[in-house]
Amino acid sequence: PVFAGMNGSAIENFSCVIYNIFLMNCTWRAGRDAPADTQYFLYWQKSRDEEEMECELYIKDENCRNMGCIFQNVSIDTEIAAYFLVNGSSKDSLIQFYDEYIDLYKIEILTAPLNVTAHCTRDPTGCIITWHPPLTSHVENTNCFQYEISIQNK
């Protein structure tokens, strides 16, 4: 495909994570050959049925260039990949755009399990450790979770 714009002007290292159940953080680096005055703008679309939305809360670098975005109240639909588009503008030249489809459930950082308790006795039964599943916006079957316990014997 042929993209309009100067080679090396599109963003690099684009990545997003979802954390604390409904917050999403996306970051990128400026294109290595982008003019110094290049400003970037992020748009995303959760599904083809929903309208494209621009980032409302940009993360800026020391030159006030947009280098990331924080989204609030993000809900995960496990079926459909979301579409992300970052384009740029410069008074000197055309800037190439960057786009990517991302399955939101694949980028969620789960919270830690809740209400972890340990009851230990001196008899051979040892310790009983219990917990509740982590909070998540999209996993309905809590049997999907696997846990690993690391016991440090002091």
My understanding is that only one of F84, Y43, F14, W28 makes a ring-ring contact (aromatic ring centres under 6.0 Å, His included) with Y98; could you say which?
F14
Backbone N or O of C64 within a donor-acceptor pair of the D61 side chain at under 3.5 Å?
yes
Evaluate R65 against K60 for side-chain contact (heavy atoms from CB on, under 4.5 Å), listing each step before the verdict.
CA-CA 5 Å; R65 182 185 275 179; K60 297 180 180 290; over 6 Å; no
Around I149, counting heavy atoms of other residues, nucleotides and ligands shown, do more than 12 lie under 6.0 Å from its CD1?
yes
With hydrophobic residues grouped by side-chain heavy-atom distances under 4.5 Å, do M67 and L57 end up in a single group?
no
The test is side-chain contact (heavy atoms from CB on, under 4.5 Å); show your working for T130 and H119 and say whether it passes.
CA-CA 9 Å; T130 61; H119 296 289; 5.5 Å; no
Can you see whether E148 engages S150 through a side-chain donor-acceptor pair at a distance of less than 3.5 angstrom?
no
Between F71 and I21, is there shared hydrophobic-cluster membership here, with clusters defined by ILVMFWY side-chain heavy atoms closer than 4.5 Å?
no
Hydrophobic cluster membership, M53 vs L42, 4.5 Å side-chain cutoff
yes
Parallel, tilted or perpendicular: which one describes the rings of F41 and Y58, with boundaries at 30° and 60°?
perpendicular
T111 side chain vs L135 backbone, donor-acceptor pair below 3.5 Å:
yes
Evaluate the disulfide bond (SG atoms under 2.5 Å apart) criterion for residues C26 and C16: first the C-alpha distance (whole Å), next the side-chain angles of each, then the deciding distance (0.1 Å), finally the verdict.
CA-CA 4 Å; C26 296; C16 299; 2.1 Å; yes
For the residue pair Y101 and Y83, does the interplanar ring angle fall in the parallel (under 30°), tilted (30 to 60°) or perpendicular (over 60°) class?
tilted
Look at atom CD of E52 and say whether more than 12 heavy atoms of other residues, nucleotides or ligands are closer to it than 6.0 Å.
yes
Go through the steps for D37 and D92 under the test side-chain contact (heavy atoms from CB on, under 4.5 Å), then give the verdict.
CA-CA 8 Å; D37 75 325; D92 296 327; 4.0 Å; yes
